[in-house]
Every structure is written in C-alpha cells, then in structure tokens.
Amino acid sequence: MNNNTFVHKYIKSLIGKDDVTADLTAGNGNDTLFLSQLSKKVYAFDISAEAIASTKEKITGRDNVILVHDSHAQIDQYVKEKLRLAIFNLGYLPHGKEYSVTSGPETLIAVEKSYELLESGGYLIITFYLSHQGGRDEYYLLQDHIQKNRLTILETYSQDKTDSPITYIIRKD
Ligand SMILES: C[S@@+](CC[C@H](N)C(=O)[O-])C[C@H]1O[C@@H](n2cnc3c(N)ncnc32)[C@H](O)[C@@H]1O
C-alpha cells in the first residue's frame with residue numbers, strides 16, 4: 001500500500017460531514033477532492049498556478065472547496081475557524097511543467113500555524129519525501145520540531161524500501 005492509500009484509509013475514520021479541513025499542498029487535487037467528499041468544507045492551498053488549475057478541474061461541480069493560490073505559510077490570513085484535520089503531502093508537483101517544491105522553513109511555519117488552528121482532538125497528517133533535493137533536510141527539520149514540542153504521534157507509515165515516503169499522523173491533545 002502506498003502512503004496516499006494509507007492516508008486516505010486512515011482519514012475515513014477521523015472526519016465526518018460536519019468537519020472543516022485543510023489541504024496545505026493541493027497539487028493535482030487528489031487529497032482536496034477526497035476531503036471535499038468527506039467533510040463540510042476544505043481550504044486548499046498551493047503556490048503553483050498549475051496546481052491550482054489542476055485542482056480546480058478535479059473538483060468541478062463541488063461547492064465546498066475554498067482554493068487559495070498562496071503559500072501555506074499564510075494560512076492564518078485565510079482560515080478564521082477551527083480545523084478538524086490538516087494534511088500536508090510535501091515535495092513537488094507530480095507531472096508538473098513547473099518545478100514547485102515545498103521548502104523546510106516555510107513548511108515549518110505552515111505546520112506551526114495549522115497546528116494552532118486545529119481544534120482539540122484534531123489531526124495533522126504529514127507525508128515527507130526524502131529523495132528530491134532538500135527533502136531529507138525538510139524531514140529532519142520537521143522531525144526535530146515534532147520531538148521538541150512533544151506532539152502526539154498516533155501512527156507513522158512507510159513502505160520498507162530505501163528512501164520511501166514517511167507519513168506521520170499527529171493528534172492535537
Ligand atoms: C506532492 S504535491 C501535492 C500532491 C497533492 N496533495 C495531490 O493530491 O495531488 C506538493 C505540492 O506542494 C506545493 N507547494 C510547494 N510549496 C508550497 C507552499 N509554500 N505553499 C503551498 N503549496 C506549496 C507544490 O506546488 C505541489 O503542488
């Protein structure tokens with residue numbers, strides 16, 4: 001099972017139709033579409049115009065997605081309500097013409113702000129990719145943050161291969 005399949009299976013048990021959620025890396029819109037089918041409202045962020053266009057197409061006909069063409073580090077400028085779940089699928093836009101990739105320091109700001117916006121008992125899900133340039137540094141930076149702040153990790157998931165993506169499911173206590 002790849003990480004995205006694992007995450008989607010897991011999310012089904014975490015959220016319901018009354019919940020507000022956020023996809024902090026919309027990309028091609030797969031996670032945004034999934035969250036929009038399960039929750040009341042989804043805020044979806046991406047800095048890439050190509051990603052926003054791709055996500056817009058994926059969610060055609062759905063009226064519960066707020067697309068934000070801006071960095072996830074600005075989440076507090078757009079989200080003024082509590083979130084049940086926030087998801088980060090880090091790395092670069094798959095199949096993209098433009099190379100748009102997450103960066104550790106900015107991801108750290110976005111993770112801190114998203115965690116702040118979570119309701120108590122809410123969830124933060126982060127999938128890290130190690131094999132592209134900067135991916136490993138981003139992982140170490142965030143891992144350090146998670147440990148120092150003693151965030152509660154419910155699950156980690158990774159396929160048993162070199163440099164496989166790593167997913168953390170975190171609960172806000
Ligand atoms: C692995 S892709 C996400 C895949 C997506 N969740 C899906 O289901 O198709 C990572 C995305 O993060 C976006 N990204 C990079 N830096 C960002 C930032 N500062 N704020 C928001 N999105 C960013 C990239 O443009 C890219 O589309």
Side-chain angles (χ1 to χ4, degrees), residues 1-12 14-15 20-39 41-62 64-79 83-118 123-142 145 157-159 163-170:
M1 178 170 35
N2 71 23
N3 291 61
N4 293 335
T5 306
F6 169 79
V7 165
H8 284 199
K9 270 181 115 162
Y10 207 99
I11 284 178
K12 280 187 184 162
L14 303 182
I15 60 172
V20 180
T21 58
D23 180 358
L24 281 302
T25 51
N28 290 312
N30 300 301
D31 296 323
T32 300
L33 175 63
F34 182 73
L35 291 175
S36 99
Q37 288 163 340
L38 292 180
S39 61
K41 191 199 287 183
V42 191
Y43 292 90
F45 291 79
D46 209 293
I47 41 162
S48 154
E50 192 182 349
I52 291 292
S54 178
T55 300
K56 198 171 185 177
E57 198 181 326
K58 185 86 30 89
I59 54 150
T60 302
R62 304 200 67 83
N64 65 343
V65 179
I66 297 166
L67 273 179
V68 183
H69 183 197
D70 200 348
S71 171
H72 42 216
Q74 304 295 330
I75 184 172
D76 53 331
Q77 302 297 313
Y78 299 92
V79 179
L83 299 170
R84 173 74 173 165
L85 180 141
I87 181 172
F88 288 81
N89 193 347
L90 300 172
Y92 56 88
L93 177 65
H95 318 298
K97 288 196 193 94
E98 48 181 87
Y99 186 65
S100 175
V101 66
T102 55
S103 83
E106 208 155 341
T107 303
L108 178 59
I109 295 170
V111 162
E112 285 178 312
K113 288 184 176 178
S114 304
Y115 188 83
E116 205 48 48
L117 282 163
L118 286 182
Y123 300 92
L124 182 63
I125 300 183
I126 313 174
T127 297
F128 298 94
Y129 295 83
L130 309 182
S131 51
H132 65 277
Q133 201 186 359
R136 201 168 280 277
D137 289 343
E138 183 173 44
Y139 173 60
Y140 290 142
L141 184 69
L142 270 294
H145 172 79
Y157 181 81
S158 183
Q159 285 178 302
D163 282 353
S164 291
I166 303 169
T167 297
Y168 282 32
I169 311 249
I170 292 164

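Each ligand, and each atom within it, is numbered from 1 in the order the structure gives. Heavy-atom basis, side chains included; hydrogens, waters and symmetry copies ignored.
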Checking Asn89 against Thr25 for the side chain to side chain donor-acceptor pair (under 3.5 Å) test, could you report, in this order, the C-alpha distance in whole Å, the side-chain angles of both residues, the deciding distance, and whether it holds? CA-CA 6 Å; Asn89 193 347; Thr25 51; 5.6 Å; no
Please could you name the atoms of ligand 1 that Gly29 approaches to less than 4.0 Å, counting only its heavy atoms? 7 (C), 9 (O)
Mode of Val101 contact toward ligand 1 - side chain, backbone, both, neither (heavy atoms, under 4.0 Å): backbone
At under 4.0 Å between heavy atoms, what of Ala73 touches ligand 1? The answer is neither
Answer with side chain, backbone, both or neither: which part of Leu90 has a heavy atom less than 4.0 angstrom from an atom of ligand 1? backbone
Which residue owns the protein heavy atom closest to atom 3 (C) of ligand 1, what's the atom, and how far is it? Thr25 O, 3.3 Å
Does the N or O separation between Ser103 and ligand 1 drop below 3.5 Å for any pair? no
Mutual orientation of the aromatic rings belonging to Phe88 and His72 [parallel < 30°, tilted 30-60°, perpendicular > 60°]: tilted
Return yes if a side-chain donor-acceptor contact under 3.5 Å exists between Asp23 and Thr32, otherwise no. yes
With heavy-atom distances below 4.5 Å as the criterion, would you say the side chains of Leu24 and Ile87 are in contact? no
Given Asn4, Asp31, Thr107, Thr102, which one has a non-hydrogen atom that is nearest to atom 6 (N) of ligand 1? Asp31
Under a plain distance cut-off of 3.5 Å, with no hydrogens placed, do Asn30 and Lys58 share a side-chain donor-acceptor pair? yes
Taking only heavy atoms of Asn28, which atoms of ligand 1 are found under 4.0 Å from at least one of them? 7 (C), 9 (O)
Pick from His72, Glu106, Glu50: the one approaching atom 20 (N) of ligand 1 most closely through a non-hydrogen atom: His72
The single option from Tyr157, Tyr139, Tyr140 that satisfies ring-ring contact (aromatic ring centres under 6.0 Å, His included) with Phe128 is Tyr139
Going by heavy atoms, is Leu24 under 4.0 Å from ligand 1? yes
Can a non-hydrogen atom of Thr55 be found less than 4.0 Å from any atom of ligand 1? no
Between OG1 on residue Thr102 and CG on residue Leu108, distance to nearest 0.5 Å: 12.0 Å
N or O pair under 3.5 Å between Ser100 and ligand 1: yes
Going by distance only, is there an N or O of Ser48 that falls short of 3.5 Å from an N or O of ligand 1? no
Looking only at protein heavy atoms, identify the closest one to atom 16 (N) of ligand 1 and say how far it is in Å. Ile47 CD1, 3.3 Å
